[in-house]
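Throughout, protein chains are lettered first and strands after them, A, B, ... in sequence-line order, and every chain is numbered starting at 1.
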Amino acid sequence: MDTIINAFPYLMEGLKVTLYIFAIAIVLGFLIGLIVALFRLAPLKILNWIAKIFVDAIRGTPFIVQLFFIYFGLNSLAFISLDNTTAGIVTVAINAGAYFSEIIRAGIQSIDKGQTEAARSLGLNSTQNMRHIVLPQAFRRMLPTITNQAIISLKDTSLLSVIGVADLTQEGRIQASATFDAFNVYLILGIIYFVIIYLLSMLANYVERKFVLR
Amino acid sequence: MTMIRVENLKKSFGNLEVIKDISTVVEEKEVICVIGPSGSGKSTFLRCLNRLEEITGGHVFIEETDITNPKIDINQIRQDVGMVFQQFNLFPHKSVLENIILAPMKVKKGNRKAVEKKAYELLDKVGLREKAKAYPGELSGGQKQRVAIARALAMDPKIMLFDEPTSALDPEMVGDVLDVMKQLAQEGMTMVVVTHEMGFAAEMGDRVLFIDGGYIVEENVPKELFGNPQHERTKAFLSKVL
């Protein structure tokens, strides 16, 4: 019990870092996903290819390799200098962005063509159609899958401990060796992740119910 | 005044030539009904009139503007050409009122108060004022289609296109929608109506076009076309549907 009480403040510091990284990376990731999805669906072939290559590259490689490439690989170039937290955020954002883009693309394509035809026949241009008609409907449909990917990305942030980011997992590792009580520290670590993810799912459920498609 | 002029219109989907050669003219306040067997190209013809389908060949003029010219702003033209679809295509995430005011607000940048006032007037016209706050999912088919008509009218179009507006409706709902369309015709709206409602075509049409195989096979006032069809294919079609 003592170990836990002693370790807990450190774990909370780590949790703050995890949530900070997650919050920034998920917003960035969503924006990347949206842009890549629109590239993928754009009438220009070159944009389709860029989007496809990006998604395939991310899907076809392990997260940890992407992390090492960005942190060690890019940093070895003379003109780039990223600290480990920034490199971590960038990696999580890019990784989530690739998966988000596929979710968003499928969501957009699931909206009946008649919706776009009705909007365009009223004189809305393609941007207005996307913004007011297609995307709002698509997002409602995508929400469960988006939540799922957000949870995966939150868990992926624990891998940032490998490059020394002082996140929840990293603090856990430090406390486990400092207290010689790996069992209890990692148990608590797991419980904290579980609670955060549970709260995240509850929030998603609430949003889903609030915006349920009539 | 000529509202629509179609010159040698052609439309292909890949290798499939749906519209082979169609020319016609629609004058102001005319009600043109388009009939024909399914797959004849009549819906495609209608959808070419606001370039919802990219036109393969020929020209379509809306008033003075050639809409096949890629340089024109098609969104500008579409504001003057309302369209009503077989499947209604209401926006399910927006209330009836929001459906109607969306385009006037976003496209014409209208004043919200004025736009809403107009929307309520249009809802009165289609008999659905009390449904303003309802969502499309809560309406019957006939109600949805009347909202769709109000939505198109909210842009003050000069021309209304109807693509089989009653084909997806239960029989008892058809009358309400046709009544709204009749009223619109009587008020002098220029209308092109693709329909299977021969009764409506006979009563309200100034002219009826019979389209088959990608051509206008026969074109006449309803009394003549229904009473005294000249072409074999028209006779065969009418004998099946009348």
Side-chain angles (χ1 to χ4, degrees), chain A residues 30 33-34 37-38 41-48 100 103-147 204-214, chain B residues 43 46-47 49-54 73-96 98-109 133-139 144 147-157 159-163 168:
Chain A
F30 193 79
L34 185 59
L38 293 175
L41 297 170
L44 265 177
K45 276 272 181 298
I46 177 86
L47 295 182
N48 305 162
F100 276 146
I103 296 168
I104 296 169
R105 177 176 69 92
I108 289 173
Q109 286 178 327
S110 78
I111 302 302
D112 181 48
K113 254 184 68 203
Q115 292 290 305
T116 294
E117 291 182 349
R120 298 305 304 272
S121 79
L122 287 164
L124 275 76
N125 62 35
S126 57
T127 311
Q128 290 168 326
N129 170 45
M130 265 295 156
R131 180 159 159 231
H132 299 293
I133 305 303
V134 177
L135 287 179
Q137 294 185 64
F139 282 137
R140 283 160 218 226
R141 241 175 241 191
M142 290 184 274
L143 208 53
T145 347
I146 285 176
T147 310
N205 278 337
Y206 171 76
V207 174
E208 228 171 288
R209 259 181 284 121
K210 198 151 179 207
F211 291 104
V212 69
L213 201 56
R214 283 166 226 245
Chain B
S43 280
L46 191 77
R47 292 159 58 87
L49 299 183
N50 64 352
R51 229 174 76 188
L52 223 43
E53 300 290 355
E54 281 304 323
D73 179 6
I74 190 67
N75 298 315
Q76 192 68 41
I77 302 295
R78 284 172 176 158
Q79 293 178 36
D80 291 334
V81 185
M83 189 164 201
V84 174
F85 300 85
Q86 183 176 356
Q87 296 298 336
F88 328 125
N89 297 342
L90 293 181
F91 307 130
H93 60 304
K94 295 191 175 292
S95 71
V96 165
E98 289 165 345
N99 263 274
I100 297 172
I101 67 174
L102 177 84
M105 295 282 295
K106 302 295 175 192
V107 179
K108 284 195 169 162
K109 316 280 181 213
K133 300 277 185 248
Y135 279 79
E138 300 160 352
L139 304 179
K144 280 183 197 168
V147 171
I149 293 171
R151 180 177 68 177
L153 291 175
M155 291 298 278
D156 278 322
I159 300 166
M160 284 286 283
L161 309 176
F162 292 85
D163 189 4

- [ ] Can you see which heavy atom on L122(A) is nearest to which on A152(B), and at what distance?
- [x] CD2-CA, 4.1 Å
Task: Atom of I133(A), atom of H93(B) and distance for their closest heavy-atom approach - done: O-CE1, 3.6 Å
Open item on the list: If I take atom CD1 from residue I111(A) and atom CZ from residue F91(B), how far apart are they, to the nearest 0.5 angstrom?
Closed with: 12.0 Å
Task: Least distance between heavy atoms, L124(A) atom then N75(B) atom - done: O-OD1, 3.5 Å
Task: Closest approach of P92(B) to Q137(A) (non-hydrogen atoms, all atoms of both residues) - done: CG-OE1, 3.1 Å
Open item on the list: So for atom CD1, which belongs to I46(A), do other residues, nucleotides or ligands contribute more than 12 heavy atoms lying within a distance under 6.0 Å?
Closed with: no
Task: Option that, when pairs with chain A are counted at under 4.5 Å, heavy atom only, ranks first among K108(B), M83(B), R151(B) - done: R151(B)
Task: Atom of K106(B), atom of Q128(A) and distance for their closest heavy-atom approach - done: O-NE2, 3.2 Å
Open item on the list: Given 3.5 Å as the limit, does a donor-acceptor pair link the side chain of Q115(A) with the main chain of L90(B), or not?
Closed with: yes
TODO: Measure from the side-chain N and O atoms of N50(B) to the backbone N and O of S121(A), and report whether any donor-acceptor pair falls under 3.5 Å.
DONE: no
TODO: Return the set of residues passing side-chain contact (heavy atoms from CB on, under 4.5 Å) with E117(A) (not counting sequence neighbours), or none when no residue passes.
DONE: K113(A), R47(B), L52(B), F85(B)
